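These numbers were taken from a predicted model, which means no experiment stands behind them. Naming: A, B, ... by sequence-line order, numbering from 1 per chain.
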Amino acid sequence: MSYNFKKIESKWQTFWEKNKTFKVNENNGKLKYYVLDMFPYPSGAGLHVGHPLGYIATDIVARYKRMKGFNVLHPMGWDAFGLPAEQYAIKTGTHPKETTKKNIDNFRRQIKMLGFSYDWDREINTTDTVYIKWTQWIFLQLYKKGLAYEADKPVNWCPELKAVLANEEVVDGKSEMGGHPVYRVPMRQWMLKITDYAESLLAGLDEVDWPQSVKELQRNWIGRSEGADVDFPVENTHKTISVFTTRPDTLFGATYMVLSPEHPFVDELTIASQKEPVKKYQKIASRKSDLERGELNKEKTGVFTGSYAINPVNDEKIPIWIADYVLMSYGTGAIMAVPGEDQRDWDFATEFDLPIIRTVKVPDDYDGDAYTGDGPAINSEFLNGLYIHDAKKKMIEWLETEKKGKGSVRYKLRDWLFSRQRYWGEPIPIIHYNDEIKPLKDSELPLVLPEIEKFEPSGTGESPLVNIKEWVEIKNDEGEVIGLRETNTMPQWAGSCWYYLRYIDPANIEQPWDKDKESYWMPVDLYVGGAEHAVLHLLYARFWHHVLHDLGFVSTREPFKKLFNQGMILGEDGSKMSKSRGNVINPDEIVDEFGSDSMRLYEMFMGPLDKAKPWNTKGLQGCSRFINKLWSKVCSNGGISTDITEDAPNDETVKLLHQTIKKIGDDIENLRFNTAISQMMIFTNHLITLDNVPKSVLEAFVKMLAPFTPHVAEEIWEYLGHNETITYESWPEFDETLSKEDLITIAIQVNGKLRADINMAANSDKEDILSSAKENKRIKLYIEGKEIIKEIYVPGRLVNFVIK
RNA sequence: GCCGCGGUGGUGGAAUUGGUAGACACGCCAGAUUUAGGAUCUGGUGCCCAUCGGGUGUGAAGGUUCGACUCCUUUCCGCGGCACCA
């Protein structure tokens, strides 16, 4: 008979809620453990079974750590600003606030249904007025530190969405959401100087326990390059073009220069006869999207300006070209071209018949174009014979002595475009007066969004807020307009940049968080979420945290000590779960049919947490069967089964119990839930064979079950005569001596092939085992009459006879 | 093109420092029970040949080793990210 999971699960969820079982405070003298989920954006579609995967994992860790005696902070909240609610508002006129509330209610219901041990008193919502206040406050801290500035930037303008999109929201020239075309248009924007923190963000990666792949992604994104800035005087002018190169050793091979078409010197350097083609080229380049300039257009194009620069190392006259393969946004927007050592320059030089000089000796069998490998320098006067590393060093020394350049470091990382032309985001707390801009005072925060009825952005691409005169216009006592509020709002990333800090002190109205509480709880010990946030969210949040640290508001440099990315759950067909494929599994239906304990168990049993794996409802039935098997062994008719006795357990049971304690504990610590569950199954399969199940053994086992299947564990715990929740029971102690086998199986190999195995007492010594092995009658057949040239003994495992 | 990760039965996946490959579960096969079953229980199940038994086997090919899923070299395939970053 199947256990009544519906009754049990709702009973315990009500119990936990009523008793505030998971409420947590700071002052209890325990060691803290902060386990955090990436909070969700509550979409209209609700959860599918993939969403709670990480939440199940962290819940297991949270419950386990509580039983290990830690004071566990495990909160949940809502990242509730965002484009979908605003688009829905544009379409239907429904205020984003209403949509958001409805979606949150549904998400909360679905999440609660799975029996997570969140402290719901700490629930936060990035769109709450009090929350906005502190998001704005942090922005002002950045502003005051000189890290926020306005600039005209070409932005991704999407006419269809009537919104400006961040680079990360544009995929292949189309909007990530909806796939509408996106164009480059310059517009006044707020920027955050994340580039000032490039080095700090890079260095911090060495301190954290994160997946290697995520660290690598962030390192690539920051993109640190070491090299030199070199100054090239322009012939017949007083101008100098500065270039960045990672290969100062190749300076003798620089046979021409290239400026980006947007480079400020282009006009001045273009001689009269070249004006027309240059202008034309600039125009074409400006119309190209980044995509066209890049991927679609690997053939090199460019135009000669007519001017020449002087190579500072040998005073050679070299032509200055413009070409769109040089980007204004990296380095100095100009390069020295060394076609012999750089394939892009080679391609360009070949296209336009420019000279090529090799500066590194190529191997004899080399038949490629540009040579990027190492070798002794040639054609390079004082560098000749030096290998790249030394040649670079020597050239930088020379440049610095001659004052013609210097060693330099550049980053690919760009400043963060922080403004959005939308309604549904935190207003940027800035007022524009005639010639100056002023931030709001702390006392004027929060600056809340005005109530509006029309959500369409103004056709100009500005946010719908520009049309709300009574909100935008700042008047003096005479009623004259003296200032205008900033109408840009913050991107969705803003709220998620610091939410983990607000959980620490969610109700504080005096400060964003209390300092003592912050230093008690931080850093986050374990942070689990999707790999799609590997760069942006995690880089932005780290950036804010580093700034807050420099300002003395937080106690740690890095916010997230250990990071883990859960993998995706695919549809039963092995492809990504999506509405359009029709392969979405809805957790409501699963919970209704099998219960949330079964669903939790199955999702953890499917495979390693970080791997993508397909859903299989049959597999879930196996987990459901496991719970039922255990239930029907230990429970009957609303009470405990008569099989449960006060007898002492037999040796085998004790041994298996202690092996299980060890395995499950180790596995949870390492987030290997699938193998922990497999051990629970092995243990249960053993329990079922027993006529008498010792109560002490069952109690220990139920405790280990509790983090995984908390409802049924509470129920059995109660059946066993306990009045208190199992939540704070202590985790079973592992005793190594009790877990040891007294009989061991030794595999016996002959020439590396398994030929027999023998059972030996665990304390047998090498001599006993070797002689028993030789006496084994199957082994005898192999070794008789042969010479044993080697005997290998691996203690407790195997014997290998090497014979001739 | 560059960087990172991964290829193990029909399926999801297990395998301390190199030491009995395939734990656990699904599926399948056989049997029991049942009016019936997408229920439950028992047994079997990598592949090949066979009666015991033997051979073979972790994408492919080499190598190191008494012994390799594990280490090294080459190569193929899949996934994720970046992409003219000088």
Would you call the rings of A/Tyr540 and A/Trp416 parallel, tilted or perpendicular, taking 30° and 60° as the class edges?
parallel
Taking the side chain of A/Val326 as heavy atoms from C-beta outward, which of B/A86, B/G38, B/G19 is closest to it?
B/A86
Counting heavy atoms from C-beta on, name the nucleotide in B/U40, B/G13, B/G12 closest to the side chain of A/Pro608.
B/G13
Report the nucleotide, chosen from B/C41, B/C24, B/G6, that has the shortest atom-to-atom distance to any side-chain atom of A/Lys629.
B/C41
Pick the P atom in B/G7 and in B/C71, then give their distance to the nearest Å.
11 Å
Which parts of residues 655-670 of chain A get close to RNA chain B, meaning a heavy atom less than 4.0 angstrom away?
none
By the 4.0 Å heavy-atom rule, please label A/Gly331 as base, sugar-phosphate, or nothing.
nothing
Name the nucleic acid region contacted by A/Gln212, choosing base, sugar-phosphate or nothing; use a 4.0 angstrom heavy-atom cut-off, strictly under.
nothing
Would you say that more than 12 heavy atoms from the other residues, nucleotides or ligands in this model lie under 6.0 Å from the NZ of A/Lys662, or not?
no
Closer than 4.0 Å, any side-chain N/O of A/Lys790 to the OP1 or OP2 of B/G67?
no
So A/Leu217, base contact, sugar-phosphate only, or nothing? Heavy-atom distance under 4.0 Å.
sugar-phosphate
Whole Å only: how far is the NZ atom of A/Lys618 from the C1' atom of B/G10?
14 Å
Find the distance A/Tyr411:OH to B/A86:P and express it as a whole number of Å.
13 Å
So, do A/Ile789 and A/Glu787 sit near enough that their side-chain heavy atoms are less than 4.5 Å apart?
yes
Nearest-nucleotide wise, let me know which of A/Thr246 and A/Ile677 is further upstream toward the 5' end of RNA chain B.
A/Ile677
Candidate nucleotides B/U20, B/G12, B/G4, ranked by approach to the side chain of A/Pro614 - the nearest
B/G12
Watson-Crick or G-U wobble partner for B/C26, using a 3.5 Å limit on both distances?
B/G10
Between A/Lys412 and A/Asn220, is there a side-chain donor-acceptor contact under 3.5 Å, judged purely by atom types and distance?
no
Parallel under 30°, tilted from 30 to 60°, perpendicular over 60°: which one fits the rings of A/Trp631 and A/Tyr3?
tilted
Of the listed B/C24, B/C84, B/A86, the closest approach to the A/Ile335 side chain comes from B/A86
Quick one: does A/Lys663's side chain have a donor or acceptor within less than 3.5 Å of a partner on A/Ser678's backbone?
no
Per the atom types in the model, does the base of B/C84 pair as donor or acceptor with the side chain of A/Lys300 at under 3.5 Å?
yes
If you check the A/Glu216 side chain, which of B/C3, B/A86, B/U40 turns out closest?
B/C3
Name the nucleic acid region contacted by A/Asn685, choosing base, sugar-phosphate or nothing; use a 4.0 angstrom heavy-atom cut-off, strictly under.
sugar-phosphate
Quick one about A/Thr745 and A/Asp757 (side-chain donor to acceptor, distance below 3.5 Å, no hydrogens or angles considered), yes or no?
no
Measuring only the P atom in each nucleotide, how far is B/U58 from B/G10? A whole number of Å is fine.
13 Å
A cation-pi test, strictly: NZ or CZ of A/Arg542 under 6.0 Å from the centre of the six-membered ring of A/Trp210 and no more than 45 degrees from its axis. Yes or no?
yes
Provide, to the nearest angstrom, the distance between the NZ atom belonging to A/Lys412 and the P atom belonging to B/C3.
12 Å
Heteroatom pairs (N/O) under 3.5 angstrom, protein to nucleotides 49-54 of chain B:
| unit_1 | atom_1 | unit_2 | atom_2 | d |
| --- | --- | --- | --- | --- |
| B/G54 | OP1 | A/Arg778 | NH2 | 3.4 |
| B/G54 | OP1 | A/Tyr782 | OH | 3.0 |

Gap separating the OG1 atom of A/Thr675 from the CG atom of A/Asp667, nearest 0.5 angstrom
3.5 Å
What's the gap between B/A39 and B/U56 when it is taken at their P atoms, as a whole Å value?
41 Å
Calculate the interatomic distance between A/Ile792 atom CD1 and B/G18 atom C1'; express it in whole Å.
12 Å
Taking a pair to mean Watson-Crick or G-U wobble geometry with both distances below 3.5 Å, B/U16 pairs with none
Taking atom P in both B/G22 and B/C69, what distance in whole Å separates the two?
12 Å
Answer for the Watson-Crick or wobble partner of B/U33, both distances under 3.5 Å, is none
Figure out the CZ/P separation between A/Arg797 and B/U17, and round it to whole Å.
11 Å
Closest listed nucleotide, where the reference is the side chain of A/Asn674 and the choices are B/A14, B/U20, B/C84:
B/A14
By nearest atom, which of the nucleotides B/C24, B/C84, B/C82 is closest to the A/Tyr325 side chain?
B/C84
Among the candidates B/U20, B/C84, B/G27, find the nucleotide nearest to the side-chain atoms of A/Arg625.
B/G27
Is A/Asp757 touching bases, backbone alone, or none of the nucleic acid, heavy atoms closer than 4.0 Å?
base
Taking a pair to mean Watson-Crick or G-U wobble geometry with both distances below 3.5 Å, B/U58 pairs with none
Same-atom distance (C1') from B/A14 to B/A21, integer angstrom:
10 Å
Per the O4'-C1'-N9-C4 / O4'-C1'-N1-C2 angle with a 90° window around 0, B/G9 comes out syn
Please work out which of the three classes, parallel, tilted or perpendicular, describes the rings of A/Phe348 and A/Tyr256, given edges at 30° and 60°.
parallel
When all nucleic acid strands are considered with a 4.0 Å heavy-atom cut-off, which category describes A/Ala534: base, sugar-phosphate, or nothing?
nothing
Nearest-angstrom distance, P atom, B/G80 to B/A30
41 Å
Would you call the rings of A/His533 and A/His537 parallel, tilted or perpendicular if under 30° counts as parallel and over 60° as perpendicular?
perpendicular
State which of B/G4, B/U20, B/C26 makes the closest approach to the side chain of A/Ser213.
B/G4
So, does the side chain of A/Glu593 form a donor-acceptor pair with the base of B/G38 at under 3.5 Å?
yes
Counter-base of B/G1, judged by Watson-Crick or G-U geometry with both distances under 3.5 Å
B/C82
Taking atom P in both B/G19 and B/G13, what distance in whole Å separates the two?
22 Å
Please state how far atom NZ in A/Lys576 lies from atom C1' in B/C79, giving the value in whole angstrom units.
13 Å
Is A/Asn800 touching bases, backbone alone, or none of the nucleic acid, heavy atoms closer than 4.0 Å?
base
Phosphate OP1/OP2 of B/G13: any A/Ser678 side-chain N/O under 4.0 Å
no
Mind calculating the distance between CD (A/Glu532) and P (B/G4) to the nearest angstrom?
22 Å
Hey, does the side chain of A/Asn670 reach the backbone of A/Arg672 with a donor-acceptor pair shorter than 3.5 angstrom?
no
Distance in angstrom units between A/Gln621 CD and B/G12 P, rounded:
18 Å
Regarding A/Thr745, tell me which of base, sugar-phosphate or nothing describes its non-hydrogen contacts under 4.0 Å with the strands shown.
base
Would you please classify the geometry between the A/Phe244 ring and the A/Tyr330 ring as parallel, tilted or perpendicular, with 30° and 60° separating the classes?
perpendicular
Polar contact flag, side-chain donor to acceptor under 3.5 angstrom, A/Glu572-A/Asn583:
no
Please measure how far the C1' atom in B/G57 lies from the corresponding atom in B/G9, and state the result in whole Å.
10 Å
